[in-house]
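Some notes on the structure that comes next.
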Amino acid sequence: MKVKRLIEKTIQNQIGGIEDPSKITLEPTNPKFEGDFTFVVFPFLKHLKKKPEEAATFLGEIIYKEIPKIESFNVVKGFLNLKLSDQVWLEYFQEIIKDPYHGRNLYGKNKKVMVEYSSPNTNKPLHLGHIRNNLLGYSIAEILKYNGFKVIKSNLINDRGIHICKSMWAWQKTGNQETPISSQIKGDHLVGKYYVIFDKLYKGEINELKAQGLSQSEAEKKSKIMRETREMLQKWERGDEEIRALWSKMNSWVYEGFKETYQKLGVDFDKFYYESETYLLGKEIVKAGLNNAVFFQKEDGSIWVDLQNENLDQKLLLRADGTSVYITQDIGTADLKYKEFKVDQSIYVVGNEQDYHFKVLKVILEKLKKPYSKGVFHLSYGMVDLPSGKMKSREGTVVDADDLMREMIATAAKQTQELGKTNGLSFEELEVLHKQIGLGALKYFLLKVDPQKRLLFDPEESIDFHGNTGPFLQYTFARINSLLSEQEITDDFDLNFEVNIEEKNLLVLVTEFPAKVQEAGQSFSPALVSNYLYELAKCYNRFYQNNPILKSNLPQKKAFRLALCKETKRVLKEGLCLLGIDTPKRM
RNA sequence: GGCUCCUUAGCUCAACUGGAUAGAGCAACUGCCUUCUAAGCAGUAGGUUUCAGGUUCGAGUCCUGAAGGAGUCACCA
């Protein structure tokens with residue numbers, strides 16, 4: 001708001017001798033006190049050479065005199081509370097409703113950013129942890145777009161390695177040529193089934209060997225199953241036709257399955273990277289780094305980087321036999337991304353279990369003086385835990401993504417039916433509605449908490465549809481939508497009326513939308529958008545409950561209230577869209 | 001064991017990055033549908049912000065230590 005800036009300037013002119021005048025800023029007034037903006041004088045008492053109350057009163061009087069838009073001020077201890085007149089707020093509100101881009105920011109203009117997220121393995125279906133990752137990645141990408149960035153959503157698929165060979169081995173041995181079509185099982189689930197079978201057979205073998213008196217590690221070394229699986233991986237790397245064909249076939253099943261899950265979840269990608277195509281990258285960069293003495297070589301020929309000055313360890317970059325490890329590929333992929341897209345920033349949405357890895361990656365890129373190293377950012381998020389602890393695919397303690405979505409939709413259907421407000425909707429319309437609500441509940445549940453925090457999910461307790469939830473926000477939207485249907489709404493209305501507390505609170509909240517979205521973008525946190533929208537919806541409902549809208553006594557009052565509803569509706573829609581949550585017209 | 005992160009109401013989370021009397025939802029209890037959708041609104045109750053120190057006008061937020069929890073420290077990814 002322009003006035004805010006003006007007040008800050010005025011105060012800055014009054015307080016001299018300060019190193020950093022930009023420290024003089026206003027904050028919103030605590031709702032328990034009267035006012036719109038508050039200036040805290042405590043830090044500046046020395047400069048003003050006054051007691052707290054005196055200083056605040058002194059500044060208040062000057063501001064009141066110089067800025068006509070200030071209607072009044074009050075002083076509590078060292079807090080100067082400034083109040084704008086309702087007319088000023090109303091004028092500002094009219095500006096906003098006439099601005100089709102209200103909410104959008106431009107701080108990301110002309111900047112390009114890549115958001116890598118999802119990045120699944122192809123040996124098992126997606127689970128709840130992936131859902132959190134996907135929703136976070138998608139939402140952050142959307143938020144950045146809204147802030148003016150050009151965004152590329154990418155997905156690095158881990159399609160090769162020992163894990164997929166495990167599923168392949170088990171399918172070859174026990175599968176009887178089973179396919180998704182013959183078994184009527186979704187492709188990723190079918191491959192996951194063989195991953196579990198592998199684990200069962202392998203464990204059985206180990207136990208047998210141990211029964212013969214071998215230790216755990218001896219048994220693991222002697223395992224025939226593991227040996228055959230390793231041979232499979234070697235054949236794959238040599239390009240063995242039969243193994244490659246099997247690999248392609250099973251991966252294609254998985255991709256079909258993923259595609260369906262992504263679609264249902266409503267996430268998408270602009271660019272896919274496949275590890276089978278990138279795993280050889282990075283070697284040349286490592287070798288160049290060795291030549292420039294950024295890295296060093298051990299006697300066996302392996303190449304390392306010493307990060308002990310950075311409070312990290314030594315890290316292997318290339319094996320003695322010249323093959324690459326995880327970080328080698330990541331160095332290569334980072335380079336590839338930059339070459340292909342020239343992004344200013346490269347965001348990796350990856351769980352916090354990889355904090356160390358990404359710290360190392362960034363330091364290495366810096367040491368190599370890569371121009372894009374500064375833009376590498378690990379968006380580290382907390383794991384989703386169950387009451388029983390961590391989710392483990394092999395032990396079957398995972399909450400499957402497809403199952404969970406299906407359950408959420410079923411619950412939404414049940415609740416919708418119980419409320420009985422959807423008469424007249426066709427079967428197809430109901431199906432869409434249930435999906436919107438069920439997924440709305442799930443998405444909001446996962447996105448409303450700070451990404452960095454770990455998240456507890458109790459499968460016994462179903463996700464709520466009341467209170468601080470997705471359906472509550474959707475409901476508020478639907479309610480406004482039905483209220484406004486067939487109403488004439490005008491941007492231009494006479495401002496000659498009193499604004500009551502519910503109207504004022506809602507009006508102010510609506511104006512804060514762009515700032516919130518910018519904050520969410522800068523801190524990569526969809527939770528900030530979620531919490532804001534919840535505040536907004538709550539505030540709207542209070543307003544709605546206590547103020548007749550269609551039957552307002554004054555025509556300009558009615559016009560104002562309708563405009564408030566319309567603007568709230570717009571912010572809700574755009575905000576929920578940033579979270580990937582749909583807004584049903586009725587529910 | 002080294003390093004990193006977490007601990008706020010019974011439960012799940014907020015708290016504008018150091019500001020005023022720490023706020024919501026769920027669960028419990030009490031009211032409000034013959035008026036714009038009750039997936040709503042209003043209210044009651046619930047707190048030594050894990051503990052002990054420190055920094056200052058002021059600390060849930062910063063620094064030190066302790067307790068409890070998680071992650072990581074692979075020639076796995």
Side-chain angles (χ1 to χ4, degrees), chain A residues 27-33 38 40-43 45 51-52 76-79 81 119 121 158 160-163 275 279 298 300 302 304 311-313 315-321 323-327 329-330 351-357 359 380 382-383 385 389-390 412 415-416 418-419 421-422 437 440-441 445 448-450 452-458 461 463-476 478-485 487 512 515-516 519 523 527-528 530-532 534-535 537-538 540-552 561 565 586-587:
Chain A
E27 39 192 280
T29 300
N30 185 312
K32 288 167 192 158
F33 298 86
T38 294
V40 185
V41 299
F42 289 113
L45 294 178
K51 289 180 189 164
V76 183
K77 290 187 279 185
F79 297 88
N81 301 317
S119 305
N121 291 353
N158 186 357
R160 53 134 240 142
I162 195 77
H163 51 81
E275 221 185 273
Y279 81 109
K298 289 199 175 173
D300 64 357
S302 56
W304 295 70
N311 215 5
L312 303 164
D313 301 315
K315 182 88 187 168
L316 176 90
L317 300 178
L318 214 52
R319 296 188 183 105
D321 62 7
T323 57
S324 49
V325 291
Y326 180 44
I327 193 116
Q329 307 173 35
D330 263 356
N352 63 10
E353 55 193 358
Q354 294 198 36
D355 283 355
Y356 183 79
H357 172 78
K359 224 180 264 181
S380 163
M383 301 282 103
D385 289 327
K390 220 179 158 178
Q415 302 231 9
T416 304
E418 276 169 13
L419 287 169
K421 292 196 268 191
T422 48
I437 296 172
F445 177 80
K448 76 171 172 181
V449 320
D450 185 333
Q452 299 184 3
K453 292 201 175 169
R454 72 182 259 273
L455 197 95
L456 190 79
F457 177 80
D458 189 347
E461 262 177 69
I463 294 175
D464 236 300
F465 285 67
H466 300 267
N468 187 359
T469 65
F472 169 64
L473 299 180
Q474 293 172 314
Y475 170 72
T476 306
R479 213 188 204 185
I480 302 175
N481 189 68
S482 115
L483 177 74
L484 294 185
S485 65
Q487 291 299 321
E512 285 172 4
K516 292 290 176 189
E519 214 184 317
S523 52
L528 295 180
S530 313
N531 291 330
Y532 166 75
Y534 175 61
E535 285 301 318
K538 226 172 32 160
Y540 177 81
N541 282 316
R542 192 175 303 139
F543 158 76
Y544 175 89
Q545 195 79 21
N546 296 313
N547 299 279
I549 294 157
L550 302 181
K551 291 177 183 163
S552 308
R561 286 181 177 166
C565 291
R586 57 179 281 207
M587 64 186 274

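The structure presented is a predicted model; accordingly, all values stated were derived computationally and were not measured.
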### Task
Determine the Euclidean distance between corresponding P atoms of C51(B) and U56(B); express it in Å to zero decimal places.
23 Å
### Message
Rounding to an integer number of angstrom, what distance separates C3(B) and U44(B) when you compare their P atoms?
### Response
49 Å
### Task
Using the C1' atom as the reference point in each nucleotide, state the distance between C32(B) and U37(B) in Å, no decimals.
16 Å
### Summary
Which of A77(B), C16(B), G40(B) is nearest the side chain of Arg160(A)? It is A77(B)
### Query
Is there ring stacking between Tyr475(A) and G40(B), where the centres must be under 5.5 angstrom apart and the planes under 30 degrees?
no
### Query
In whole angstrom, what separates Asp355(A)'s CG from G2(B)'s C1'?
16 Å
### Summary
note: Ile327(A), atom CD1; C75(B), atom P; distance rounded to Å ~ 12 Å
### Task
May I ask you to verify whether the side chain of Asp300(A) and the base of C75(B) hold a donor-acceptor pair under 3.5 Å?
yes
### Message
Check this for me: Gln415(A), atom CD, are more than 12 non-hydrogen atoms of other residues, nucleotides or ligands nearer than 6.0 Å?
### Response
yes
### Message
Any side-chain N or O of Arg454(A) below 4.0 angstrom from OP1/OP2 of G71(B)?
### Response
no
### Message
If the test is ring pair (Phe, Tyr, Trp, His ring centres under 6.0 Å), which one of Phe465(A), Tyr534(A), Phe445(A) qualifies with Phe472(A)?
### Response
Tyr534(A)
### Task
For A28(B) and A67(B), measure between their P atoms and round to the nearest Å.
39 Å
### Message
Counting only side-chain nitrogens and oxygens, does Ser302(A) get under 4.0 Å of the OP1 or OP2 atom of C75(B)?
### Response
no
### Query
With centres under 5.5 Å and planes under 30°, do Phe33(A) and A20(B) count as stacked?
yes
### Query
How would you label the contact of Pro43(A) with the nucleic acid (heavy atoms, under 4.0 Å): base, sugar-phosphate, or nothing?
base
### Task
Would you please determine if the base of U72(B) is stacked by Tyr356(A), with stacking meaning a centroid separation under 5.5 angstrom and planes under 30 degrees?
no
### Query
Where does RNA chain B pair, written as one dot-bracket string 5' to 3', with Watson-Crick or G-U pairs under 3.5 Å, ( ) inside the strand, [ ] for crossing pairs and | for another strand?
(((((((..((((.....[...)))).(((((.......))))).....(((((..]....))))))))))))....
### Task
May I ask you to decide whether Glu353(A) forms a salt bridge with Lys390(A), counting only side-chain N to carboxylate O separations under 4.0 Å?
yes
### Message
For a quick test of reading the model: is some side-chain N or O of Lys453(A) closer than 4.0 Å to OP1 or OP2 of A70(B)?
### Response
no
### Query
NA contact type, Asp450(A), heavy-atom cut-off 4.0 Å: base, sugar-phosphate, or nothing?
sugar-phosphate
### Message
Please report the distance, rounded to the nearest Å, between CD1 in Ile549(A) and C1' in U37(B).
### Response
12 Å
### Message
For the P atoms, the ones on U61(B) and on C16(B), what distance do you get once it is rounded to whole angstrom?
### Response
12 Å
#### Entry: Proximity to the side chain of Arg319(A) - top-ranked nucleotide from C75(B), A20(B), A14(B)
C75(B)
### Message
Check for me: is Phe472(A) stacked on G40(B) by the 5.5 Å centroid and 30° plane-angle rule?
### Response
no
### Query
Which residues pass the ring-ring contact (aromatic ring centres under 6.0 Å, His included) test with Phe543(A), sequence neighbours left out?
Tyr540(A)
## Note on the structure
Winner on side-chain proximity to Tyr326(A), out of G71(B), A77(B), C73(B), is A77(B)
### Message
If you count heavy atoms of other groups shown closer than 6.0 angstrom to NZ of Lys51(A), is the number above 12?
### Response
no
### Task
Give the ring-plane orientation class for Phe79(A) versus Phe42(A), where under 30° counts as parallel, over 60° as perpendicular and anything between as tilted.
perpendicular
### Task
Report the nucleotide, chosen from C13(B), A77(B), C73(B), that has the shortest atom-to-atom distance to any side-chain atom of Leu455(A).
C13(B)
### Message
Among A20(B), C16(B), C36(B), which nucleotide has an atom closest to any side-chain atom of Val76(A)?
### Response
A20(B)
### Task
For each nucleotide in nucleotides 23-34 of chain B, reading 5' to 3', give B when a protein heavy atom comes within less than 4.0 Å of its base, S when such contact involves only the sugar-phosphate, and - otherwise.
SSSS--------
### Query
What is the glycosidic conformation of U30(B): syn, defined as within 90° of 0, or anti?
anti
#### Entry: Whole-Å C1' distance, G25(B) and C41(B)
15 Å
### Query
Which nucleotide in the list A77(B), C75(B), G71(B) gets nearest to the side chain of Lys390(A)?
G71(B)
#### Entry: Value in whole Å for how far the P atom of A77(B) lies from CG of Leu316(A)
10 Å
